[in-house]
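Data block below; observations after.
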Amino acid sequence: MPACSTKCGKTAILKRPKTGDALCKECFFEAFENEIHYTIERAKLFRPGSTVAIAASGGKDSTVLAYVLKLLNEKFNYQLKLVLLSIDEGITGYRDDSLNTVKQNKEDYGMDLKILSYKELYGWTMDEIVAEIGRKNNCTFCGVFRRQALDRGAYLLKVDYVATGHNADDIAETVLMNILRGDIARLNRCTSIITDSGDGIPRVKPLKYAFEKEIVMYAYFKKLIYFTTECVFAPNAYRGHARVLLKDLEKIDPTIIMNIIKSGEDLKVAETTKIPTLTRCVRCNYVSSQDVCKACILLEGLNKGLPRLGIGKSSKVKRLLKENEEKTSSCNSKNCCNAKPEKSHCLCKTTIPSIS
Ligand code: SF4
């Protein structure tokens with residue numbers, strides 16, 4: 001191996017995927033950490049004295065995020081209180097094992113940990129949802145419920161920010177996915193390093209410019225403990241196609257990842273494009289772009305034996321709701337109260353508990 005390109009006098013042991021530089025272990029750590037520090041400083045991600053919930057799955061990204069945030073917080077005196085927030089989707093053989101890794105991180109990094117489960121929030125585990133709906137749209141349910149569960153966890157913990165482990169590859173993939181789907185509204189906001197979830201608790205992405213390969217290298221050389229198994233319900237996720245495309249492009253030129261992110265950042269959306277405005281769900285009071293949020297519609301579908309409710313266009317959802325309203329005066333629960341329906345549901349219908 002050649003000498004480290006920083007001229008520190010040591011032998012290089014790796015070639016940085018992002019820059020092609022040959023570096024020794026210590027110089028790689030320093031470059032990687034300094035870039036994340038620069039990202040945090042330039043975007044003014046955190047106010048001093050804030051509490052930050054790190055969305056922790058036990059995977060490489062959130063493990064490296066927790067480790068590096070702790071390190072930078074101490075090194076540069078950000079004055080942050082860091083806590084771990086995990087969502088248990090209820091996926092046997094996947095999330096139960098990865099949560100053990102998060103519990104280990106809690107011990108290793110000395111951070112408080114809050115775990116919220118789909119079962120306690122929605123009354124369903126992902127195992128039960130997949131048994132009901134099959135493996136086609138499972139990620140739609142899981143993604144919608146997780147987004148809201150993180151908001152609920154942040155609200156419960158009274159934190160100022162939620163930091164997620166989205167890396168450069170994730171963001172480039174999302175840009176490609178939104179282009180492939182023609183989803184201009186999402187394309188417009190998917191590269192933002194700070195997103196407003198609408199409840200005053202911003203979501204931030206400190207690893208936005210960190211390459212996935214470098215996160216893996218960092219975790220490997222630092223000997224961090226993280227969970228590597230893929231979700232057992234993953235193979236049909238649409239994102240997988242964008243991932244394969246990105247990996248093929250990256251083989252031709254690694255700078256393509258940054259180029260895609262930059263294209264997304266500089267994109268100007270036409271004034272005629274309809275961008276949804278955020279409001280409050282009339283049922284659960286959580287943030288929504290419709291009167292009733294997607295999580296409440298999906299949950300209603302599950303509870304009423306209409307699992308396809310909420311999948312597809314909103315006009316179809318309204319039609320299904322109306323048809324069901326005409327067909328039944330009660331929910332499909334075994335223990336239904338059989339009360340006269342109030343709007344589209346009887347009184348015992350499970351709703352997501354309101355926050356206020
Ligand atoms: Fe949930 Fe789909 Fe991710 Fe599995 S792959 S954790 S089902 S979103």
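Both counts, for ligands and for their atoms, begin at 1 and track the order of listing.
The aromatic rings of Phe145 and Tyr122 lie parallel to each other, their planes meeting at an angle below 30°, with 60° marking the opposite boundary.
The CD1 atom of Ile91 sits 9.0 Å away from the OG1 atom of Thr125 when rounded to the nearest 0.5 Å. Annotation: the span from Leu113 atom CG to Leu85 atom CG amounts to 8.5 Å, rounded to 0.5 Å.
Which parts of ligand 1 touch Asn138 is read off a 4.0 Å heavy-atom cut-off, strictly below it: atoms 7 (S). Within ligand 1, the atoms closer than 4.0 Å to a non-hydrogen atom of Cys231 are 4 (Fe), 5 (S), 6 (S), 7 (S), numbered from 1 in the order shown. Numbered from 1 in the order shown, with element, the atoms of ligand 1 that lie under 4.0 Å from a heavy atom of Cys142 read 1 (Fe), 6 (S), 7 (S), 8 (S).
Not less than 6.0 angstrom separates the ring centroid of His37 from the ring centroid of Phe32.
Annotation: cation-pi pair Lys222/Phe29 present, NZ/CZ under 6.0 Å from the ring centroid and within 45° of its normal.
Contacts with ligand 1 closer than 4.0 Å are made by no heavy atom of Arg95, backbone or side chain.
In this structure, of Arg146, Glu89, Met126, the residue bringing a heavy atom nearest to atom 3 (Fe) of ligand 1 is Arg146.
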